[in-house]
S.K.: 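Have a look at the structure that comes next, please.
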Amino acid sequence: MLGIVLSTVRHRKAGFAGAFAALLCAAALVCACGVLLDTGLRGSVAPERYAGAPVVVTGDQFVHQTKIKKKGKVKHKAKAIAERAWLPASAADKVRAAGARGVITEVAFPAEIGAAPDESWGHGWESAALTPFTLREGRAPAVPGEIVVDAATARANGLHAGSRVRVASAEPGTYRVTGVTRQALKDQAAIFFSTAEARRLAGHPGMVTAIGATGSKAAIAGALRGTRATVHTGADRGRAEFPGAERSRVKLISMGGALGGTALLVAILVVSGTFALSVQQRQREIALLRAVAATPRQVRRMIGREALLIGLAAGPLGAAAGLPLAFWLRDRFRGLGALPPNLDLVVSPFPPAAAAVAAIVAAVAAARIAARRTARIRPVEALGDAALAPARLGAVRTAAGLLVLAGAAVLTAVLAGLHTEAAASPVTMLTALAWTVAVALLGPVIARAAVAVLAVPLRAFPVGGHLAAANLGAGARRLASVITPLTLMTGLTATILFAQTTTGHAAVRQATDGTLAAHVAGPKIPHGDAERIRRAPGVTAVTEVVRSTVRVGLENYGVQGVTIAGLDRTLDLDVRKGDIKALDASSVAVSTTAASRLHVAPRDTLRLTLGDGTPAALKVVAVYGRGLGFGDLTVSHDLLAAHVDDPRGTVLIAGTPPKGVPTVSAASLAEDTASANAEVNYIAMGLIIAFTAIAVVNTLAMSTADRARELAVLRLSGATRRQIMRMLGGETLAVVLIAGVLGTAIALATLTAFGRGMTGGGPSVPPLAHLGVIAWGALLAAAATALPARLAMRARPADAVGARE
């Protein structure tokens, strides 16, 4: 058996090349996703600012929930909060009481000089020893108007001891540089103020960001038991220093898992289609084996071993290619700010090994499924079956197709009821895939119905059109095998692209319609500047807006904090119930979507956890409709600003703003937010689109190359090269039209359900963009058909007819 397998692979290299390419790409994609997932699970961040403190104490950066399940099992869950958790300064006394030495308190708050990096923080000079920072020149800051800057900041802005510079913060001001440090941190800028000035600017009286010390972790943890403090040592100090990196790590888990699962499903679908076409092209050869007494089991084993051989060659190579692909993804995500520079990839043998095994298993399973019917035919019928494809689908395939079709309909209904992106995104992709699998299973039936319609206009063209119509009608199975990958690419591409435009356009529309103010200033306007704008001549109302994320239970909800005075002249949230004018520091307004999920109404109490981990119980005073444009929850500005890292935000201005205040439109702010989130999804899912594009080219090229003998017979019958190319052009056009219609129908069904759940409206599909998707598929199909056809017709017709299949 092994000899036959090796001989078959050796003599049918072209036929197996397509399966090899599909498996290699699948393994690379799964490996890259596995590296992202592994990084999310086991990635760590090295400490920078806290590198000189063996033990670091911070506030708890998680919300916890404990549930007692059946049979007394206890399940504990923890979710990261959005802002930095603060500690009472008195916690330092408990750390000292535990026998710790060199106890140092730290405050950190956003502060920037010039074009600062994303991470730029102000600190009190008393915490310089946590790194440690030492002075290269000058002296430490002693009074409120003095600062020390790190070496990199001084170099980038041309600063030295004695320079005067403006520092942007919650209370911006001009400071004199009294010193420059010898050190600079790799991923963040450090600006040091006097101790009193730093604590004032931090805006958290009696609180500290962290406590550094030298001592026993167990003793310190024991002294702090019963408080919301957490103790960190070793690499865990980096997680305490960079809470944003921790949140990104958690996102990688969900992104890597969802992307990897989707990639694996797409890979199985593509590889199954490739092997099905390969087996279909070998039906005469398999029929001969059956006619000379080969049993169905032997045929299945032969095809399975062929697939195993190809999988063993493609899987490891694809897994190796997945590692540089993972690093490419890392660089793209870092460029978009979705992945911090200090969270590096975890590269271990597990993702490549898993990807290689997945490719091998997918290859064997796909080949066995594709060979099932061919292997089971009776020997007497073998040659006839190979010469003429069956007229109808088997009962098993029909039942499977109808079952998947029903499952796709159920998923579509479920998707229409999902209101959060975290829940809707994976279901959206699964829904589109389910519809595509149904099309693949029922493909021959769909192909015959489509050909019956397209044959009429094709026959209007002499010779080429007639030949195309005849070939399409006689080869429904072959047509179905090439339609499936093109349908998959069109449907997935349209779903990925237009799911983003659906939510993005709805958010922009709501933000535009709901912003009554003529001008928007931002995005980092301090409270003091907002007060000056409020007092300026010609300004009738000013609303300060700050944004964050809160947890209700363990679920994330976007929240905005707004100043109440003059709100009716700057903002229209489309209030459906209650009265937004009743909003104060002890109340909250809720969007219709959030109210539905949380089962709350006006006068109910909503318990939530603010961004820094502070619990709050707020009375619901209103329910509003424009949640996509302004966030799920709305609270008072003062309440939210006291619990965020950066209290600066946007300012809505009714009237004429004073000169020198830079303004933007509400639509542009919403578009920036939507586009930043969309680009991450585009890059992640773009790999799957690229994989399906490769599958389209692969399948069409295999199908066309297998027709060399057929094309030679046509040439011997008197058809010219030009007429044959026209025939193939007509067939390709029919394939593109059928796949375009099916892919569009799949995308529209999925996006309609997605839009109903996420926005309460229909999908947003730009016509030109969708035509571009179909045109891209047409270009790939034309290239994958024309080039193999020209290569197939290079040989003399008589030689091609006599060549071995």
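Because only heavy atoms are used, hydrogens play no part in the values below, and waters and symmetry mates are left out as well, while side chains stay in.
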S.K.: Treating Q61 as the side-chain partner and A85 as the backbone partner, does any N or O pair qualify as donor plus acceptor under 3.5 Å?
M.R.: yes
S.K.: In terms of side-chain geometry, is the basic nitrogen of R334 or D344 positioned less than 4.0 Å from the acidic oxygen of its partner?
M.R.: yes
S.K.: Please report the closest heavy-atom contact between R237 and A53, naming both atoms and the distance.
M.R.: NH1-O, 2.9 Å
S.K.: Look up atom OG1 in T230 and atom CZ in R239, then write down how far apart they are to the nearest 0.5 Å.
M.R.: 10.0 Å
S.K.: Ignoring hydrogens, what is the shortest heavy-atom contact between G611 and I81? Give both atom names and the distance.
M.R.: O-CB, 3.3 Å
S.K.: Within this structure, what is the CG-OG1 distance for the pair L567 and T543, rounded to the nearest 0.5 Å?
M.R.: 5.0 Å
S.K.: Looking only at side-chain N and O atoms, does D584 offer a donor or acceptor that is under 3.5 Å from a partner on S587?
M.R.: yes
S.K.: Are T634 and Q560 linked by a side-chain donor-acceptor pair shorter than 3.5 Å?
M.R.: yes
S.K.: Would you indicate whether the side-chain heavy atoms of L606 and V552 approach each other to under 4.5 Å?
M.R.: yes
S.K.: So T609 and T614, side-chain contact (heavy atoms from CB on, under 4.5 Å) or not? Walk me through it.
M.R.: CA-CA 6 Å; T609 303; T614 303; over 6 Å; no
S.K.: Please find the pair of heavy atoms, one from T549 and one from V559, that lie closest to each other, and give the distance.
M.R.: N-CG1, 4.0 Å
S.K.: What about F193 and F109, are their ring centers closer than 6.0 Å?
M.R.: yes
S.K.: Return the minimal non-hydrogen interatomic distance between V208 and P88, and the atom names on each side.
M.R.: CG2-O, 4.2 Å
S.K.: So, T563 versus H637: side-chain donor-acceptor pair below 3.5 Å or not?
M.R.: no
S.K.: Check the pair L571, L573 against side-chain contact (heavy atoms from CB on, under 4.5 Å), reporting the backbone distance first and the verdict last.
M.R.: CA-CA 6 Å; L571 204 60; L573 296 177; 3.9 Å; yes
S.K.: For I104 versus A129, what's the shortest heavy-atom pair and its separation?
M.R.: CD1-CB, 3.6 Å
S.K.: Are side-chain heavy atoms of D513 and D572 found at a separation under 4.5 Å?
M.R.: no
S.K.: Test your reading of the model: is there a side-chain donor-acceptor pair from E48 to the backbone of L185, 3.5 Å cut-off?
M.R.: no
S.K.: Using 4.0 Å as the upper bound for N to carboxylate O, is an ion pair formed by D529 and R648?
M.R.: no
S.K.: Quick check for you: to the nearest 0.5 Å, what is the distance between T227 atom OG1 and K94 atom NZ?
M.R.: 5.5 Å
S.K.: Could you check if a side-chain atom of E112 sits within less than 4.5 angstrom of a side-chain atom of K524, using non-hydrogen atoms only?
M.R.: yes
S.K.: Mind checking the CG-OG1 spacing from L418 to T593? Nearest 0.5 Å is all I need.
M.R.: 12.0 Å
S.K.: Given the rule in the side-chain contact (heavy atoms from CB on, under 4.5 Å) test, do R49 and L130 qualify, once you have shown the distances and angles that lead to the verdict?
M.R.: CA-CA 6 Å; R49 179 77 182 86; L130 290 175; 3.8 Å; yes
S.K.: Between T650 (side chain) and A521 (backbone), is there a donor-acceptor pair under 3.5 Å?
M.R.: no
S.K.: Can you tell if the side chain of L608 reaches within under 4.5 Å of the side chain of L618, non-hydrogen atoms only?
M.R.: yes
S.K.: Would you say the side-chain atoms of E241 pair up with the backbone N or O of P47, donor to acceptor, closer than 3.5 Å?
M.R.: no
S.K.: Roughly how far apart are L87 CG and T209 OG1, rounded to 0.5 Å?
M.R.: 8.5 Å
S.K.: Counting distance only, does the side-chain N/O of S596 pair as donor-acceptor with the main-chain N or O of T592 below 3.5 Å?
M.R.: no
S.K.: Could you tell me whether a side-chain N or O of T39 sits under 3.5 Å from a main-chain N or O of V346, the two making a donor and an acceptor?
M.R.: yes
S.K.: Per the side chain to side chain contact (heavy atoms under 4.5 Å, CB included) rule, which among D568, D574, V575 passes with I580?
M.R.: V575
S.K.: Could you tell me whether a side-chain N or O of T515 sits under 3.5 Å from a main-chain N or O of A517, the two making a donor and an acceptor?
M.R.: no
S.K.: List the steps and the verdict of side-chain contact (heavy atoms from CB on, under 4.5 Å) for T570 and V542.
M.R.: CA-CA 7 Å; T570 59; V542 167; over 6 Å; no
S.K.: Which of parallel (below 30°), tilted (30 to 60°) and perpendicular (above 60°) describes W86 and H204?
M.R.: parallel
S.K.: Of the non-hydrogen atoms in A530 and I525, which two are nearest, and what is the gap between them?
M.R.: N-CG2, 4.1 Å
S.K.: Mind checking whether V600 and T605 have side chains closer than 4.5 Å, heavy atoms only?
M.R.: no
S.K.: Do you see a donor-acceptor pair shorter than 3.5 Å between the side chains of H527 and E544?
M.R.: yes
S.K.: Taking atom types as modelled and ignoring hydrogens, do the side chains of T66 and H64 form a donor-acceptor contact shorter than 3.5 angstrom?
M.R.: no
S.K.: Could you tell me whether a side-chain N or O of Y624 sits under 3.5 Å from a main-chain N or O of D632, the two making a donor and an acceptor?
M.R.: yes
S.K.: Should R597 and E555 count as an ion pair when the cut-off is N to O under 4.0 Å?
M.R.: yes
S.K.: Evaluate the side-chain proximity of V550 to L633: yes if any heavy-atom separation is below 4.5 Å, no if none is.
M.R.: yes
S.K.: Report the C-alpha distance between S194 and R200 in whole Å, list the side-chain angles of each, state the deciding distance to 0.1 Å, and finish with yes or no for side-chain hydrogen bond (donor to acceptor under 3.5 Å, both in side chains).
M.R.: CA-CA 10 Å; S194 65; R200 184 183 70 83; over 6 Å; no
S.K.: Does a salt bridge link K619 with D604, judged by any charged N lying under 4.0 Å from a carboxylate O?
M.R.: no
S.K.: So, E126 and T195: side-chain donor and acceptor under 3.5 Å apart, yes or no?
M.R.: yes
S.K.: Would you say the side chains of E83 and S548 form a donor-acceptor pair under 3.5 Å?
M.R.: yes
S.K.: Quick check against the 3.5 Å criterion: does R626 have a side-chain atom that pairs as donor or acceptor with the backbone of G629?
M.R.: no
S.K.: For R756, does the CZ atom sit with more than 12 other heavy atoms under 6.0 Å from it, leaving out its own atoms?
M.R.: no
S.K.: Side chains of V590 and Y557: does their closest heavy-atom pair fall under 4.5 Å?
M.R.: no
S.K.: Could you state the interatomic distance from CD1 (I220) to CD1 (I211), rounded to the nearest 0.5 Å?
M.R.: 9.5 Å
S.K.: Decide whether a cation-pi geometry holds between R84 and W121; the criteria are a distance under 6.0 Å from NZ or CZ to the six-membered ring centre and an angle within 45° of the ring axis.
M.R.: yes
S.K.: Measure the shortest side-chain to side-chain distance between V55 and V231 over non-hydrogen atoms and say whether it is less than 4.5 angstrom.
M.R.: yes
S.K.: When you measure from the side chain of S127 to the backbone N and O of H123, does any donor-acceptor pair fall under 3.5 Å?
M.R.: no
